[in-house]
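This one's a predicted model, so the numbers in the text were calculated from it and none came from an experiment. Order of the sequence lines fixes the chain letters, A, B, ..., with proteins taken first and strands second; residue numbering starts at 1 for each chain.
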2 protein chains.
Amino acid sequence: MTKKIGKRATIRDVAKAAGVSIKTVSRVFNDEPNVRDEIREKVRQVGQQLSYHPNVAARNLARRRSHLIGLFFENPSPAYVTELQMGALKRLRGTGYRLLIFPVEDRADIRGAMVSTVYASGLDGVIVTPPMCDDPVILEELLASHLPFVRVAGDTSVHGTGSVVIDDEAAAFDLAEYVLRLGHRRVAIVIGDETHRSARLRLMGFRRALQAAGIEPEPAMEIQGAFTFQSGLEAGRRLLHHANRPTAILASNDDMAAGVLQAAHELRIPVPQKLSIVGFDDTALAQMVWPQLTTIRQPIFEMAERAADILLKQIEKGVASETAKLSYDLVIRSSAGEAPTG
Amino acid sequence: MTKKIGKRATIRDVAKAAGVSIKTVSRVFNDEPNVRDEIREKVRQVGQQLSYHPNVAARNLARRRSHLIGLFFENPSPAYVTELQMGALKRLRGTGYRLLIFPVEDRADIRGAMVSTVYASGLDGVIVTPPMCDDPVILEELLASHLPFVRVAGDTSVHGTGSVVIDDEAAAFDLAEYVLRLGHRRVAIVIGDETHRSARLRLMGFRRALQAAGIEPEPAMEIQGAFTFQSGLEAGRRLLHHANRPTAILASNDDMAAGVLQAAHELRIPVPQKLSIVGFDDTALAQMVWPQLTTIRQPIFEMAERAADILLKQIEKGVASETAKLSYDLVIRSSAGEAPTG
DNA sequence: ATGAAAGCGCTAACAT
DNA sequence: ATGTTAGCGCTTTCAT
């Protein structure tokens with residue numbers, strides 16, 4: 001009669017069919033008070049019959065909220081990215097907020113386009129990860145826009161921005177110290193993509209540990225990588241072909257550690273008997289290679305979950321973005337052992 | 001003057017400031033014709049000044065389109081999931097469509113709730129992956145809703161639904177045949193999650209190859225896995241502790257193959273000298289383990305890309321969902337070798 | 001407890 | 001080439 005065939009039922013169709021006003025229907029579908037149970041029931045029933053679903057766009061327009069969160073990332077490790085997504089999604093579950101993903105291939109593309117992208121997608125807020133989240137241009141743009149945003153592993157010293165971090169420097173120090181305690185004196189590092197703040201911090205922690213142990217820094221023992229398996233493989237080959245090769249190699253993430261491990265296998269160097277290798281992050285990959293990686297567990301899932309939590313508070317309650325520091329753990333497995341004697 | 005402070009500029013603000021009608025502003029921001037270059041320029045400029053961004057909700061409401069695509073998946077392999085996402089996103093780039101992710105933990109939760117979720121999120125269409133996309137309940141629900149959807153690796157025999165697939169049975173046959181040609185007569189398989197159609201097809205291909213080679217099927221050589229690394233590890237341990245252990249093991253995906261490989265390492269069984277292991281999918285993991293996996297390359301990225309393409313056609317042009325079959329490749333690396341003699 | 005009317009900010013259809 | 005007028009389907013006052 002009133003409902004046109006082939007079109008989705010609207011709030012008006014339901015109101016008419018149930019013999020109430022649209023406001024009452026609205027109340028029912030938003031679980032608001034001031035509706036008699038009897039009528040509430042009736043409206044629900046009619047809604048069901050007409051298979052009514054509130055129109056999201058209309059609701060968003062009236063409420064001025066899209067319930068859309070964007071996750072921007074630029075990370076070569078699938079395991080890392082998945083953790084990030086699942087963590088954020090865990091916090092979002094049951095809130096009505098949804099997650100949109102924005103993998104960024106080229107940072108240059110996103111510089112100056114971040115805010116437009118957010119507007120164009122109608123996002124209520126964004127979660128940003130390294131290295132973007134420490135890029136001054138992007139950060140400035142975000143700050144100026146007054147859009148709600150949080151960062152995962154972003155520099156906490158930036159004023160007025162929230163970030164969920166671990167102490168990368170201390171973690172790298174602890175990891176290096178562990179290796180040194182095993183008796184290694186010739187230890188190398190494969191540095192992560194240097195535009196990542198964490199890569200720099202990890203390098204600092206490493207250097208501090210060596211210094212504390214009285215070991216002279218040596219440029220040849222610091223190789224630049226890019227957080228990818230491939231870069232780890234190449235770095236490993238270079239280090240292991242070195243005339244006076246290291247007995248231990250620290251990689252700035254697990255993917256690169258797996259690459260170094262593969263280089264060791266290629267050269268038939270037994271791990272950990274002749275060479276110790278350690279990673280960082282404790283992603284799923286750390287347990288999939290052989291021997292399993294000794295590494296630092298960075299709680300990526302929890303960090304993302306926490307970031308989403310902070311963001312939601314910011315969006316819904318206008319609470320200023322807070323910063324949180326989570327703890328890390330040294331996870332001892334079998335890829336690192338005592339330094340070879342002789 | 002007219003623009004309230006602290007609020008986002010609307011199309012009206014821009015129109016007033018530029019001395020034109022809102023329709024003209026609309027034309028400019030939608031790159032429609034029939035606006036003098038001079039005015040177009042002026043409007044753009046004013047828009048810039050007021051930092052005007054069209055309101056997405058309003059636009060969606062008027063256009064009856066959200067430009068949101070949902071990707072539903074339930075897959076334990078991070079590498080697989082990432083490929084899927086990146087593939088779909090590649091096709092979506094530049095179209096204005098965005099990708100929302102819906103990892104499904106428990107299929108029971110989504111049964112009967114899929115369509116409501118889609119409505120609640122205002123999606124224009126969805127991409128569904130196994131095993132959900134072959135679940136009769138879910139498929140029926142989707143079909144009845146008339147929502148645009150495509151499936152990746154879904155059963156192509158279902159009438160009226162599009163799906164992008166490879167020939168899993170033939171691929172598994174080829175893979176098994178390759179192994180048999182290396183002289184193996186005692187070969188086992190680790191089956192994937194049996195609710196996945198591809199797991200069943202791969203098993204069939206495997207069996208057909210054995211039969212063609214005149215090898216008797218043996219229940220102990222077919223172990224149930226779940227497509228996870230852990231399940232592969234456990235299956236590997238069982239198979240390798242068998243009194244008369246296999247000389248070759250086919251795993252239904254790379255993650256499980258990596259698990260089997262780890263079991264071999266634990267037991268100090270040299271691969272491929274004493275044991276050959278092959279995977280399926282050729283995800284990034286296949287090259288990260290040692291020795292690198294001989295496997296079937298399933299073009300997940302391209303499949304997702306193609307699926308997105310089909311979906312877009314369906315949404316924008318009402319084209320009926322098509323089905324596409326992509327080709328696979330046997331990728332020979334080092335995890336499989338000649339059968340040990342004696 | 002319920003409803004009427006006025007937006008929300010845009011696009012579509014139809015003038016001019 | 002440009003503008004006017006209705007919607008789009010919902011939520012928000014504000015009455016009653």
At 4.0 Å (heavy atoms only), tell me whether [X] reaches a base, stays on the sugar-phosphate, or touches nothing.
| X | result |
| --- | --- |
| B:N55 | sugar-phosphate |
| B:I39 | sugar-phosphate |
| B:V56 | nothing |
| B:Y52 | sugar-phosphate |

Practice item. Kindly point out which of D:dC8, C:dT11, C:dG7 is positioned nearest to the side chain of A:A62? Key: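 Side chain of A:A62 sits closest to C:dG7.
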Exercise for review: Choose from C:dA12, C:dC10, D:dG9 the nucleotide whose nearest atom is closest to any side-chain atom of A:T10.
Suggested key: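 Nearest to the side chain of A:T10 among the choices is D:dG9.
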Value in whole Å for how far the [atom2] atom of [N] lies from [atom1] of [X]:
| X | N | atom1 | atom2 | value |
| --- | --- | --- | --- | --- |
| B:R8 | C:dG9 | CZ | C1' | 10 Å |
| A:E32 | C:dT2 | CD | C1' | 13 Å |
| A:N30 | D:dC10 | CG | P | 10 Å |
| B:L61 | C:dC10 | CG | P | 12 Å |
| B:R65 | D:dG9 | CZ | C1' | 17 Å |
| A:N34 | D:dA15 | CG | C1' | 14 Å |
| A:R63 | C:dC8 | CZ | C1' | 13 Å |
| A:F29 | C:dT2 | CZ | P | 16 Å |

Rounded to the nearest 0.5 Å, how far apart are [atom1] of [X] and [atom2] of [Y]?
| X | Y | atom1 | atom2 | answer |
| --- | --- | --- | --- | --- |
| B:M114 | B:L147 | CE | CG | 9.0 Å |
| B:L99 | B:R93 | CG | CZ | 11.0 Å |
| A:I11 | A:T24 | CD1 | OG1 | 9.5 Å |
| A:E38 | A:E41 | CD | CD | 10.0 Å |
| A:F149 | A:I127 | CZ | CD1 | 12.5 Å |

Review point. Has the side chain of A:K23 got a donor or acceptor that lies under 3.5 Å from a partner of the other kind on the base of C:dA4?
Key: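 Side chain to base: no pair below 3.5 Å.
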With no hydrogens and no angle check, just 3.5 Å: does a side-chain donor-acceptor pair link [X] and [Y]?
| X | Y | value |
| --- | --- | --- |
| B:Q85 | A:Q85 | yes |
| B:S66 | B:D124 | yes |
| A:T129 | A:R151 | no |

Should [X] be listed as having a side-chain N or O under 4.0 Å from OP1 or OP2 of [N]?
| X | N | result |
| --- | --- | --- |
| A:N60 | D:dC10 | no |
| B:R59 | C:dT11 | yes |
| B:R36 | D:dA1 | no |
| A:T24 | C:dT2 | no |
| B:S26 | C:dT11 | yes |

Detail all sub-3.5 Å separations between protein N/O atoms and N/O atoms belonging to nucleotides 14-16 of chain C.
none

Point to revise | Within residues 113-123 of chain B, residues whose heavy atoms come under 4.0 Å of DNA chain D | key: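 Under 4.0 Å from DNA chain D: no residue of residues 113-123 of chain B.
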**Study point:** Full working for salt bridge (charged side-chain N to carboxylate O under 4.0 Å, His left out) between B:E305 and B:R91
**Key:** CA-CA 5 Å; B:E305 189 181 0; B:R91 178 59 185 84; over 6 Å; no
Exercise for review: Tell me which of A:P33 and A:I22 sits closer to the 5' end of DNA chain C, going by the nucleotide each one is nearest to.
Suggested key: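 Going by which nucleotide is closer to the 5' end, it is A:P33.
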Review point. Using the benzene-type ring in the case of Trp, are the ring centres of B:Y80 and B:F73 under 6.0 Å apart?
Key: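 Ring-ring flag for B:Y80/B:F73: false, centres at least 6.0 Å apart.
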Check your understanding: Closer to the 5' end of DNA chain D via nearest nucleotide, is it B:A58 or B:S21?
Key ->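 Looking at the nearest nucleotide for each, B:S21 comes out on the 5' side.
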Review point. So does A:R107 pair up with A:D135, basic N to acidic O under 4.0 Å?
Key: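 Between A:D135 and A:R107 there is no salt bridge, as every charged N stays at least 4.0 Å from the carboxylate O atoms.
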